[in-house]
Amino acid sequence: MIKITLPDGTTQEHSDQTTSLDIARGISERLANDVVAAEVNGKIVDAARPINDLVEDPEQISFRLLTTRDPEALGVLRHSCAHIMARAVMRLFPGTGLAFGPTTGHGYYYDFDLEQRISEEDFPRIEAEMQQIIKEGEPFERFELSREEAVQLCEDMNQELKVEHVKTGLADHGSLSFYRQGEFVDLCRGPHIPRAGKIKAFKLLSIAGSFWKGDKDNKSLQRLYGTAWFSKQDLNSYLEQVEEAKRRDHRVLGKKLGLFHIDPKVGQGLCLWLPKGSTIRALLEEFIKKELINRGYDPVYSPHIGRVELYETSGHFPYYRDSQFAPIFGHDAGRIIDFCIRKLQDDELSPENESALLQAAEIMGYEQQDYKRASTKDEKIAALRKWEKAQERYLLKPMNCPHHCEIYKSQPRSYRDLPVRLAEFGTVYRHEQTGELNGMLRVRGLTQDDAHLFCTAEQVEDEFRHTLQLVQFVLKSVGLDDYRVQLSLRDPKSDKYVGSEENWQQAEASLRKVLQESGLRFEACEGEAAFYGPKADFMVRDAIGREWQLGTVQLDYNLPERFELEYTGADNKPHRPVMIHRAPFGSLERFVGMLIEHFAGAFPLWLAPEQIRVLPVTDKTSDYAQEVVAELKKAGFRVSADLRSAKVNAKIRDAQLELIPYMLVVGPKEQEQRSVSIRDRIESKDIGMLPLDEAIAKFQQEVREKTIRQQFKSTFQAMEASSDESNEY
RNA sequence: GCUGCUGUAGCUCAGUGGUAGAGCACUUCCUUGGUAAGGAAGAGGUCAUGGGUUCAAGUCCCAUCAGCAGCUCCA
């Protein structure tokens, strides 16, 4: 006998061989028909498996049926759909090798090893074949094999990658599960839906390259992406959301609205801020600067480059070498030395390189004895480093913190001075891989709204609290109110972390306490902390339900150590401060890019590059229009007049397409009464005539209150499916 | 960085080996019109760059540069 506890707390007893489907049937036939899977002791399992096989203690089973109404069930559905897709591909392309086929946030993919290239033109017939398989309605049947049998089966099916995976990746699994559906058998952890007919709506989305086990040195595979839903409506609203995201693409809107430009002649990933985009950025900067001064920050500036030694001290240079721009050397020949050090480290220095190196050394006038005498690799590298250090080397700064540490150190600090809060819109340069660059969201030159707080261990809690308040305030001001915090803590089992045990414990406890008090939604993730300290990241959801990682607050025990930062305590002895990195926006590039998509280009009045456009009905009121513009400018607005000899309809259309918040139509009537007719881009119609000074007061209030009047809210419920990242099977 | 796709006027795109096209934007002229496009004319291109095949290349091949999607990465 087994004893199950249902979510409402009631218990039931069943015989040993009872399956979840049996239990559903006991409640109602209709429920049984809706069952997709079950959750047994918190684990999602096949509805068709006897529950007793899944538990250790048959007396204590928490049990829940998952139907088409449960978001977790979508993952099961999609995984099954991935199998069906693979089956269809194997029918159409005999000899297809199978790799992995997991679910993703909104769908699934399957990686295929196949000579013949699949293209989007093949999608209709693959989909037709899938439809056929679903119609055949065969069940998914699970069976288990020993490792030897599993290898044999995969060999018999000519699935080399599966054979390899069973032998290597799953080496510690005693027995392995497979699922059979008709002629299709796949090594798979499961679970699956009971019958293929549950899949009411699916679609193939795209094809892309991938690598076996994600390693670029491995075999390249073809990855077919698809999505699947419980109903046609769900599929359609998902596809609409995808379309909506495309319409909002900041790269398209940025071009259309003249916000920013990226030009290959300037360089990949280097953003040119056009006047309108710069206006938005300047407004955000101004806003935050004012806020920082109110909150006790001190402004600082630091240069765009710094000596390589500075980043050797901080540890950034050696650690992130590949994602930095190459150092700038005082002498061209320095690059040869740098190159040779790297070659030596990899044991790849050729005799030609070495003679070029000695020539370069001669040009720069270095003593060569050390190098020539050196016999081991390490001695040679040491000699080269000595040469290298004899000249100045600069790095485009990848981080602001080393500069700020030096500012901290530039004078003695007393405990009475702490906390010291140094703020700078610091521009940093990172040589991101080509494939990572993406409009403004991922660039090679970016400006962080950075600040570093230097405080005592006791002050960490307060500083963290203040920083959280600042980030919340900032997000609210731009209308982002849906977010959560990810608290990244250390992995207690790992020893990669710097800083004392005591510090970590205290820091993690303070962060957790402050977050709890704040009432913010947060989740703690063990093992996600940086080696130098725990951090809290703000995950912000935009108007169409996408999540972005923006602001961040990070504690740092490493840099104060490396830079030997100190303050004099009340005991008149030197102490080490704690450092906090924080950036409410992250980078201005990323933040503005995200805002463009969030507002779909329609910025609120306080941020809109052009807030108001005055549209004279005919040339006869041009003079009055210019007078209105002058008044509005005097009142602090960004405004222009459209004086073209076009009809007012055309002027309205253009202003509307440029997403200008307010249009003021002025004709003889308005001129006579010194008023304006307001048209608003949201209502898309005339919202009435107001005396000019009343209109100004209305607009000023809207700016002052940073009102968000227009925000598209998607009706799409972003259903977060449990995504199967581990790829275990 | 890897795999695949793409690169034609300021923008969006057509053009399958034989004399470079459309719409919008732009310029000029006409038009003076009350809430999403008034009309006409004109100007604008080393078809991303470099090489190759061919009597002939925007079109076929190779390389480079850049963009897109995905992978991998993100202090």
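Letters A, B, ... are given to chains in the order of the sequence lines, protein chains preceding strands, and every chain is numbered from 1.
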Report each atom pair, protein N/O against N/O of nucleotides 37-39 of chain B, whose distance is under 3.5 angstrom.
unit_1 : atom_1 : unit_2  : atom_2 : d
A37(B) : N7     : R653(A) : NE     : 3.2
A37(B) : N7     : R653(A) : NH2    : 3.4
A37(B) : N6     : R653(A) : NH2    : 2.5
A37(B) : N1     : R653(A) : NH1    : 3.1
A37(B) : N1     : R653(A) : NH2    : 3.4
A37(B) : N3     : R653(A) : NH1    : 3.3

| message | Using ring centroids (six-membered ring only for Trp), state whether F100(A) and H165(A) fall under 6.0 Å. | response |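 Close enough - the centres of the two rings lie under 6.0 Å apart.
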**Asked** Do F317(A) and Y311(A) make the cut of ring centroids closer than 6.0 angstrom?
**Response**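 So the answer is no for these two rings.
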Check nucleotides 3-9 of chain B for protein N or O atoms closer than 3.5 Å to its own N or O atoms and list the pairs.
none

Report task. Examine G10(B): is either OP1 or OP2 under 4.0 Å from a nitrogen or oxygen in the side chain of K255(A)? Give yes or no. Result ->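 Answer is no, no contact under 4.0 Å.
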Nucleotide of C68(B), G33(B), A36(B) approaching Q656(A) most closely (side-chain heavy atoms)
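The closest nucleotide is A36(B).
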query = Hey, is E463(A) close enough to R421(A) for a salt bridge, meaning N to O under 4.0 Å?
reply =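 Here E463(A) pairs with R421(A) in a salt bridge, since their nearest N and O are under 4.0 Å apart.
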A66(B) to C29(B) separation - C1' atoms, rounded to the nearest Å: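 Roughly 41 Å separates the two C1' atoms.
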C47(B) and G58(B), which share atom name C1', separated by this distance in whole Å: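 Between the two C1' atoms, the distance is 5 Å.
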Secondary structure of RNA chain B per the Watson-Crick/G-U criterion (both distances under 3.5 Å; [ ] crossing, | other strand, . unpaired) is (((((((..((((....[..)))).(((((.......))))).....(((((..]....))))))))))))....
| task | Determine the sole option in R307(A), R321(A), R393(A) for which the salt bridge (Lys or Arg N to Asp or Glu O under 4.0 Å) test with E312(A) is passed. | result |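 Answer after filtering R307(A), R321(A), R393(A): R393(A).
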Take the protein atom CD of E658(A) and the nucleotide atom C1' of C24(B), then report the distance between them rounded to whole Å.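 Value for this atom pair: 14 Å.
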Nucleotides 73-75 of chain B: which of its N/O atoms have a protein N/O under 3.5 Å away?
unit_1 : atom_1 : unit_2  : atom_2 : d
C73(B) : O2     : R442(A) : NH2    : 2.9
C73(B) : N3     : E436(A) : OE1    : 3.2
C73(B) : N3     : R442(A) : NH1    : 3.3
C74(B) : N1     : R442(A) : NH2    : 3.3
C74(B) : O2     : R442(A) : NE     : 3.3
C74(B) : O2     : R442(A) : NH1    : 3.4
C74(B) : O2     : R442(A) : NH2    : 3.1
A75(B) : O4'    : Y320(A) : OH     : 2.8
A75(B) : N6     : S323(A) : O      : 3.1
A75(B) : N6     : S323(A) : OG     : 3.1

Q.
Does anything in residues 663-675 of chain A come within less than 4.0 Å of RNA chain B? Heavy atoms only, and list the residues if so.
A.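 When residues 663-675 of chain A is checked for heavy atoms under 4.0 Å from RNA chain B, the hits, listed by number, are V665(A), G667(A), P668(A), K669(A), E670(A).
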What are the residues of residues 584-597 of chain A, sorted by number, that bring a heavy atom to within less than 4.0 Å of RNA chain B?
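The answer is none.
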